[in-house]
Amino acid sequence: MVAITLPDGSVRSYPGPVTGLDVAKDIGPGLAKAALAIRVNGEMKDLTTTLTTDTQLAIVTAKDGADALELLRHDAAHVMAEAVKELYPETQVTIGPSIENGFYYDFARPTPFTPDDLEKIEARMQEIVARDEQIVREEWDRDDAVKFFLDQGEKYKAEIISSIPAGQTISLYRQGAFIDLCRGPHLPSTAKLGKAFKLMKLAGAYWRGDSKNEMLQRIYGTAWFDKKDLDGYLTMLEEAEKRDHRRLGREMDLFHQQEEAVGSVFWHQKGWQLYRTVESYMRRRLDAENYQEVKTPQLVDFSLWEASGHADKFSESMFTIKTQDERHLAVKPMNCPCHVQIFRQGIKSYRDLPLRMAEFGSCHRYEPSGALHGIMRVRAFTQDDAHIFCTEDQITSETIAFCHLLTTVYKDFGFEDVRVKFSDRPAKRAGSDETWDKAESALLEAAKAAGLETTLNPGEGAFYGPKLEFVLRDAIGRDWQCGTLQVDFVLPERLDANYTAEDGSKKRPVMLHRAVLGSFERFLGILIENYAGRFPLWLAPAQVTVATIVSDANSYAEEVVSALKAAGIRAEADLRNEKINYKVREHSLAKVPVMLVVGKREAEERTVAIRRLGSQSQEIVALDQAVATLVREATPPA
RNA sequence: GCUGCCGUAGCUCAGUCGGUAGAGCAUACCCUUGGUAAGGGUAAGGUCGAUGGUUCGAUUCCAUUCGGCAGCACCA
């Protein structure tokens, strides 16, 4: 007897072994048709898995969200590989996982795929779906599988299988003439893939993710259970494109970039206004948290970077200068060694700790050309950087305070959803294992005390210490890593920072490296995309446009602008000889949050017609009242 | 940096199977004073990314190079 317990708690008994499909059929023909896979004691398995003992069983259908989508996308990858092998038999297959929103497959092939090939492959995939090939799991001996794939000329597959311990049984999945190494599970047949998939783009990708290896050709696709979801996803991509900060930067006259200064930003008046608004906000917040702001040199002798250890790891990505008098300088790529120099001036006491040293530090890094992306990834940027010199005992309280600062800052910029990653020691690092043990446990403990839930990001710490990384989610569901907090026992040692303890002895401070926004350039790019350029009033570079209907209202309009400016509002007049429709359209497209329209009536009655961006309606109010309302709304968060 | 794609007016794009280019929007000027997302007219605007080669002739073909885009790798 085999007793199967279903999610609703009901139990079905069978005289002997049954498959998931049998159970589904037993429950009902509709379910049998919809069934894609099963979950056995929590683990996803093929629908045709034979159950020989009593189990908890759930039948997975398209309604099962993420699990079901992952199955679907994984199958899409297999179907794509099958299509590619049919069309281009000389191609070798490698790996093809499901990913967020879709899937990819990496192929090895001497001639690159073209966009035309993509269409052909997609058409062939549709055929394979129509063929409704059964997807069958087979178990093979490892060595037989290696031999099998080598015979087929699939050296990558053979290599993957070779790295599985010898003697182990491995699973292969067969669909039609196509057979692939795969852990599974899979859908029962290719027809289940349906039609809601689309090949998206071609790209290069290194074999096993290592840039020393040869480059394979990756084809990305997206797959969904129905057309509506696919269309929804494609619409989201269009929306993301409309919000692209590079596009809005141009359209809204915020900034530009050009060849003569690759990786740098030319901030126009409006963009710089936005930048300054964010900067002054941050400065107020830091002042309130008792940070001291400093400014350190741009050009620093290379020896300091050797002493700090940065030269070892990052000399390739530093801008360096040989001066006329033969000195070797580096344009600073970061601020920490300079902050240690300030700390080292004079004698520091335990009474000075924690010492929170902040700088809006302008840094330059020679980023690889392929990494550059608008203002999000540049070679010249400004960090909202700070280093907290403290004792080990103070790590927890400083972490708590920082986490509070960070979450409230994010909230003020409209980001409520923040996740935290904990990155531990990387392979290439400075400092002893004991030091790392200490730093990692101190940081984890502090994070816990701050009430943070962290996920582990193994081996991704900085070379001098572990870090917390703060990831925020924007208005259209994209994640951005911005803030960071790093515990560092290494740099104070290397750069000989110390303080006098209560007992008169000399001690090393701990350094906490921390940033909330990360870099201004990147954060402003994120803000632009998050708000799609429609900033809340306090952030909007141009807050109010006063537009006239007739030229008789010109002098009144100028008076209105003066009143607004006197009250600290960023306002401009539009007195052009254009119709009001035209002006409304233009300033709406420019995403100015508030338009005050004035005609003969308003001028006579000393009122304004308030028209807010995105609203069709207007409100006529007295000028004084309008100014007061706008001042209130435009006041930045504390 | 690697792979692939791309580079024509301020923007979005068309075009030249090799004979130095065109549209819409934007701009300037003129007319229009119009009540909430494009009023009308006229004009100006381009060494077709750069360099070299092939050719009688290159924006078009080839090579190199610079830059951009997508992904990979990188991200102190």
Side-chain angles (χ1 to χ4, degrees), chain A residues 104 106 111-115 117-118 200-220 244 246-247 250-251 253 256-260 262-263 305 308-318 332-337 363 365-374 377-379 381 383 385 426 428-430 460-465 467 481 484 486 488 491 513 518-519 522 547-554 576-590 595-602 609-618 620:
Chain A
Y104 68 78
D106 286 345
T111 47
F113 290 112
T114 66
D117 294 337
L118 237 51
M200 303 296 286
K201 54 196 169 199
L202 282 164
Y206 297 107
W207 167 235
R208 301 209 145 172
D210 188 333
S211 59
K212 289 188 210 65
N213 291 340
E214 62 271 37
M215 187 159 269
L216 308 171
Q217 295 190 57
R218 177 172 296 180
I219 303 178
Y220 281 94
D244 190 306
R246 293 162 297 188
R247 173 181 178 151
R250 180 173 11 85
E251 288 175 357
D253 194 19
H256 86 271
Q257 297 178 283
Q258 67 184 55
E259 272 190 55
E260 287 77 2
V262 173
W305 308 106
S308 71
H310 290 99
D312 264 354
K313 201 166 178 230
F314 296 110
S315 61
E316 289 293 288
S317 47
M318 283 161 78
K332 77 170 170 186
M334 50 168 0
N335 311 298
C336 16
C363 298
R365 296 178 185 173
Y366 192 79
E367 301 285 4
S369 56
L372 301 176
H373 178 82
R377 187 85 182 267
V378 285
R379 288 180 176 156
F381 57 96
Q383 294 174 312
D385 199 10
K428 195 175 173 188
R429 59 181 183 262
E460 296 295 319
F463 75 89
Y464 49 70
K467 44 183 178 178
Q481 185 175 312
T484 181
Q486 308 168 8
D488 179 6
L491 269 190
H513 304 240
S519 99
R522 179 174 149 84
T548 50
I549 294 170
V550 291
S551 53
D552 286 349
N554 284 3
R576 293 175 304 168
N577 177 16
E578 295 291 351
K579 291 197 169 174
I580 194 61
N581 281 317
Y582 184 88
K583 294 185 183 182
V584 165
R585 176 180 158 80
E586 197 159 85
H587 297 116
S588 297
L589 289 174
M595 221 177 298
L596 298 185
V597 177
V598 295
K600 210 177 246 172
R601 265 199 320 269
E602 287 78 7
I610 303 180
R611 185 190 208 279
R612 288 171 193 275
L613 180 58
S615 157
Q616 306 293 324
S617 62
Q618 311 123 47
I620 312 278

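So you know, we letter chains A, B, ... as the sequences are listed, proteins then strands, and number each from 1. Source: prediction; values computed, not measured.
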Item checked: Mutual orientation of the aromatic rings belonging to A/His513 and A/Tyr464 [parallel < 30°, tilted 30-60°, perpendicular > 60°] -> parallel

Under 4.0 Å between any heavy atoms, over every strand shown, what does [X] touch: base, sugar-phosphate, or nothing? Just pick one.
X: A/Arg250; value: sugar-phosphate
X: A/Tyr220; value: sugar-phosphate
X: A/Tyr104; value: nothing
X: A/Lys332; value: nothing
X: A/Glu602; value: base
X: A/Phe314; value: base
X: A/Gln616; value: sugar-phosphate
X: A/Ser317; value: base
X: A/Arg611; value: base
X: A/Ala609; value: base
X: A/Gly309; value: nothing
X: A/Pro368; value: base
X: A/Glu259; value: sugar-phosphate
X: A/Arg522; value: nothing

Check whether the side chain of [X] and the base of [N] form a donor-acceptor pair under 3.5 Å.
X: A/Tyr206; N: B/rG1; answer: yes
X: A/Gln258; N: B/rG68; answer: no
X: A/Arg377; N: B/rC75; answer: yes
X: A/Arg247; N: B/rC11; answer: no

When rounded to the nearest Å, what value does the distance between [atom1] atoms of [N] and [M] take?
N: B/rG35; M: B/rG41; atom1: C1'; result: 25 Å
N: B/rC5; M: B/rA9; atom1: P; result: 23 Å
N: B/rA21; M: B/rG45; atom1: P; result: 14 Å
N: B/rA70; M: B/rG15; atom1: P; result: 24 Å
N: B/rC62; M: B/rC75; atom1: P; result: 38 Å
N: B/rU60; M: B/rA14; atom1: C1'; result: 15 Å
N: B/rC13; M: B/rG53; atom1: P; result: 34 Å
N: B/rC11; M: B/rG19; atom1: C1'; result: 30 Å

Just the rounded figure in Å: distance from [atom2] of [N] to [atom1] of [X].
X: A/Glu316; N: B/rA76; atom1: CD; atom2: C1'; value: 15 Å
X: A/Lys212; N: B/rG1; atom1: NZ; atom2: C1'; value: 13 Å
X: A/Ile580; N: B/rG35; atom1: CD1; atom2: P; value: 10 Å
X: A/Arg208; N: B/rC72; atom1: CZ; atom2: P; value: 19 Å
X: A/Met595; N: B/rA37; atom1: CE; atom2: P; value: 9 Å
X: A/Arg601; N: B/rU33; atom1: CZ; atom2: C1'; value: 15 Å
X: A/Glu586; N: B/rG39; atom1: CD; atom2: C1'; value: 14 Å
X: A/Lys579; N: B/rG40; atom1: NZ; atom2: P; value: 9 Å

Report yes if a side-chain nitrogen or oxygen of [X] is closer than 4.0 Å to either non-bridging phosphate oxygen (OP1 or OP2) of [N]; otherwise report no.
X: A/Lys600; N: B/rU33; answer: no
X: A/Asn581; N: B/rU36; answer: no
X: A/Arg246; N: B/rA70; answer: yes
X: A/Ser551; N: B/rU33; answer: no
X: A/Tyr582; N: B/rA26; answer: yes
X: A/His373; N: B/rA70; answer: yes
X: A/Arg218; N: B/rA70; answer: no

Next item on the list: Name the residue closer to the 5' end of RNA chain B, choosing between A/Thr114 and A/Gly263 according to the nucleotide with the nearest heavy atom.
Entry: A/Thr114

Item checked: 5′-ward residue of the pair A/Ser615/A/Gly370 relative to RNA chain B ->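 Looking at the nearest nucleotide for each, A/Gly370 comes out on the 5' side.
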
Check: At what distance, to the nearest 0.5 angstrom, does CD1 of A/Ile620 lie from CZ of A/Arg601?
Finding: 6.5 Å

Checklist line | Rounded distance [0.5 Å steps], CG in A/Leu202 versus CD in A/Gln217 | finding: 7.0 Å

Item checked: Donor on one side chain, acceptor on other, A/Thr484 and A/Gln486, under 3.5 Å -> yes

Note to self: Under 3.5 Å, is there a donor on one side chain and an acceptor on the other for A/Tyr206 and A/Arg208?
What the structure shows: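 No.
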
Margin query: Distance to the ring centre below 6.0 angstrom and angle to the axis at most 45 degrees; does that hold for A/Arg429 and A/Phe463?
Written below: no

Please tell me which of the listed nucleotides, [options], lies nearest to the side chain of [X]?
X: A/Ser369; options: B/rG1, B/rA76, B/rU36; answer: B/rG1
X: A/Ile549; options: B/rA76, B/rA37, B/rG34; answer: B/rG34
X: A/Gln618; options: B/rU36, B/rA38, B/rA76; answer: B/rU36

Strictly by Watson-Crick or wobble contacts shorter than 3.5 Å, is anything paired with [N], and which nucleotide is it?
N: B/rC74; result: none
N: B/rC56; result: B/rG19
N: B/rU51; result: B/rA63
N: B/rA43; result: B/rU27
N: B/rC5; result: B/rG68

Item checked: Electrostatic pair A/Arg246-A/Asp244, nearest N-O below 4.0 angstrom ->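 So A/Arg246 pairs with A/Asp244 through a salt bridge.
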
Checklist line | Over 12 foreign heavy atoms within 6.0 Å of CD, A/Glu316 | finding: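 12 or below, so no.
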
Check: Can you tell which of A/Arg377, A/Arg379, A/Met334 makes a side chain to side chain contact (heavy atoms under 4.5 Å, CB included) with A/Arg365?
Finding: A/Met334

Note to self: Before you tell me yes or no, could you show the steps for A/Glu367 and A/Val378 under side-chain contact (heavy atoms from CB on, under 4.5 Å), namely the whole-Å CA-CA distance, both residues' side-chain angles and the distance that decides it to 0.1 Å?
What the structure shows: CA-CA 7 Å; A/Glu367 301 285 4; A/Val378 285; over 6 Å; no

